[in-house]
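Just so it is clear, the model here is predicted, and its values are computed rather than measured. The figures here come from the full heavy-atom set of this structure, side chains too, leaving out hydrogens, waters and symmetry mates.
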Amino acid sequence: MGKPVARIFARGLRILAPMTLLAVPMMAGPALAVPSFAIQTGQPCAACHIGAFGPQLTPYGRDFKLHGYTANDGKDHGLPLAMTTQSSFTHTMQPQPGGAAPGFRDNDNFAFDQLSLYYAGQIAPEVGGFIELNYDGVAQKAALNNVDIRHVSEGQLFGQDVLIGVTVNNNPTVQDPWNSTPAWGFPYNQSALAPTPTASTLVDGGLGQRVAGVGVYTMWNDFLYLEGDAYRGLSAPAMTALGQVPDDGDQTTSFLPYARVAMIKDWGDKKHHAEIGAYALSANVVPGGGQTLGFNVHKTDIAVDATYQFISDPAKVTSDRLSAHATYIHETAKLAWGDALALGAFSDHWLDTMRFDVSYSIAATVTPSMQYFRTVGMADAAYWATPNGSPNSDGMIVEVAYVPWGKPDSPFQNMNVRLAVQYVKYFSFDGSYANANRNDHFYFSLWTAVKF
């Protein structure tokens with residue numbers, strides 16, 4: 001490790017160490033991210049989450065989610081209320097002129113990233129879910145964040161077990177039980193004070209908290225998963241009332257469909273789990289940031305994904321676990337001919353996103369992870385808000401996370417803590433290989449979770 005890199009690590013650790021001590025007084029009595037789920041089930045965080053902290057799910061965690069967040073230990077634990085906080089330190093390879101964000105320096109920034117409050121757990125015998133209220137410490141605003149409320153029933157179909165559920169949610173893929181789809185994909189948290197590429201597909205977070213929808217899903221014979229959802233875009237006044245900034249992202253008030261299919265296989269005494277699937281979404285949107293001057297664009301995203309997990313000892317929640325996820329999203333975007341002519345842009349565009357990550361969790365305590373990501377698309381200076389009109393970016397993320405608690409023998413059953421260091425390396429950025437590395441950055445984060 002070179003001396004400059006060592007100094008960056010030391011600086012980040014000096015800042016995060018006292019933050020860990022400050023988090024300890026927040027403990028309240030028996031935890032998870034979200035810890036109210038752990039209290040409800042009587043299980044430690046490691047039972048549901050790889051590395052003993054969310055959001056990456058174990059088989060038990062996926063089953064808990066598919067069954068509507070209603071599994072419990074039969075005891076009364078009061079209202080399922082919880083809180084999480086995220087704090088961080090970000091160092092970019094080059095200073096950002098004018099500051100990383102309003103109120104922040106051009107480099108070496110400490111931030112209180114988020115404070116989130118949750119109602120997370122069982123609502124009625126066959127109804128459960130979570131509702132997240134979030135305060136963004138970088139943007140300094142509060143908002144309704146992810147919502148997923150479910151009603152679930154079980155039965156038989158063709159002589160096999162079948163699960164049928166209804167979900168009401170506000171973010172396509174937030175309801176998905178695999179971490180290979182965008183809402184819960186790696187990286188599970190990242191810096192809000194470092195540069196990020198301009199281009200992304202619509203299903204890759206473009207509609208989060210900007211729509212509301214209802215869907216029906218089924219799991220048959222622990223093999224076939226099917227889901228269909230219908231969303232409606234929120235109006236600008238509705239988004240404003242819920243804490244969203246309409247002009248900061250894609251807007252739509254039309255109905256839009258979402259579909260999902262997956263095949264699942266467990267083998268080797270459930271040491272191995274594999275999933276391969278596909279999902280799709282289509283919508284008429286007005287891209288944010290004035291990208292098309294208010295003209296509608298019809299976007300269609302078609303994606304495939306895969307998950308593989310190996311558990312060294314399925315009987316132990318603290319056993320070592322290997323996880324790998326992959327997703328590929330192909331988006332087509334079409335402007336009306338007259339709108340494209342007015343913009344001086346092409347009427348048809350495409351954008352492809354590919355990500356692959358692998359992690360190995362050691363005793364549900366230390367989890368190193370690595371991801372390669374790549375986005376490529378059709379160049380058009382009048383359509384993409386990049387210096388040369390190209391949306392292309394690619395790079396790697398390396399992360400090591402440390403979670404001291406969340407296991408059966410944890411001394412603090414009502415709290416969990418996740419410390420992580422993440423390094424993001426760009427090979428190309430917004431269509432350029434030259435100086436792409438100026439956007440490289442280190443991100444040190446402290447994530448705490450508490451059950452009230």
**Prompt:** Does some side-chain heavy atom of Pro411 sit less than 4.5 Å from a side-chain heavy atom of Trp405?
**Reply:** yes
**Request:** Report yes if the side chains of Gln86 and Asn189 come closer than 4.5 Å at any heavy-atom pair, otherwise no.
**Result:** yes
**Request:** Decide yes or no on side-chain hydrogen bond (donor to acceptor under 3.5 Å, both in side chains) for Asn284 and Asn296, but give the supporting numbers first.
**Result:** CA-CA 6 Å; Asn284 289 313; Asn296 277 301; over 6 Å; no
**Message:** Please confirm whether the ring centroid of His273 lies under 6.0 Å from the ring centroid of Tyr308.
**Reply:** no
**Asked** Roughly how far apart are Gln156 CD and Asp161 CG, rounded to 0.5 Å?
**Response** 5.0 Å
**Request:** Using a 4.5 Å cut-off on heavy atoms from C-beta on, say whether the side chain of His349 contacts that of Tyr383.
**Result:** yes
**Item:** Worked verdict on Tyr217 versus Leu66 for side chain to side chain contact (heavy atoms under 4.5 Å, CB included)
**Value:** CA-CA 9 Å; Tyr217 66 91; Leu66 285 167; 4.1 Å; yes
**Message:** Main chain of Ile329, side chain of Thr353: is a donor-acceptor contact present, judged purely on distance under 3.5 Å?
**Reply:** no
**Request:** Answer yes when Asp136 and Lys141 have at least one side-chain N-carboxylate O distance shorter than 4.0 Å, and no when they do not.
**Result:** no
**Item:** Contact summary for Asp247 and Gln251, nearest pair of heavy atoms
**Value:** OD1-NE2, 3.3 Å
**Request:** For the pair Asp305 and Arg260, find out whether any cationic side-chain nitrogen is under 4.0 Å from an anionic carboxylate oxygen.
**Result:** yes
**Exam field: side chain Gln43 to backbone Asn72, donor-acceptor pair closer than 3.5 Å** = no
**Arg232 NZ/CZ over Phe255 ring centroid, <6.0 Å and within 45° of normal** = yes
**Message:** Keeping Ser428 on the side-chain end and Tyr433 on the backbone end, is there a donor-acceptor pair under 3.5 Å?
**Reply:** no
**Item:** Residue from Val417, Val403, Thr448 passing side-chain contact (heavy atoms from CB on, under 4.5 Å) with Phe53
**Value:** Val403
**Request:** Classify the ring geometry between His272 and Phe310 as parallel (under 30°), tilted (30 to 60°) or perpendicular (over 60°).
**Result:** tilted
**Request:** Could you check whether the rings of His330 and Tyr328 sit parallel, tilted or perpendicular, using 30° and 60° as the cut-offs?
**Result:** parallel
**Asked** For the ring pair Trp178 and Tyr225, is the centre-to-centre distance below 6.0 Å?
**Response** yes
**Prompt:** Is the Tyr372 to Phe356 ring centre distance short of 6.0 Å?
**Reply:** no
**Message:** Within the structure provided, determine whether Arg355 and Asp204 are in side-chain contact (heavy-atom separation under 4.5 Å).
**Reply:** yes
**Prompt:** Are any non-hydrogen side-chain atoms of Asp266 and Lys271 less than 4.5 angstrom apart?
**Reply:** no
**Prompt:** Closest heavy-atom contact between Thr375 and Leu351?
**Reply:** CG2-CD1, 3.6 Å
**Request:** With sequence neighbours excluded, give me every ring-ring contact (aromatic ring centres under 6.0 Å, His included) pair touching residues 132-170.
**Result:** none
**Item:** Ring geometry between Phe89 and Phe444 (parallel below 30°, tilted from 30 to 60°, perpendicular above 60°)
**Value:** tilted
**Asked** Any side-chain heavy atom of Gln244 within less than 4.5 Å of one from Arg210?
**Response** yes
**Message:** Does this structure show an ion pair linking Asp148 with Arg150, if we count only N-O contacts that are shorter than 4.0 Å?
**Reply:** yes
**Request:** Would you please name every residue forming a side chain to side chain donor-acceptor pair (under 3.5 Å) with Asn169, sequence neighbours left out?
**Result:** Thr167, Tyr231
**Request:** Could you tell me whether Glu399 and Arg418 have a side-chain N and a carboxylate O separated by less than 4.0 Å?
**Result:** yes
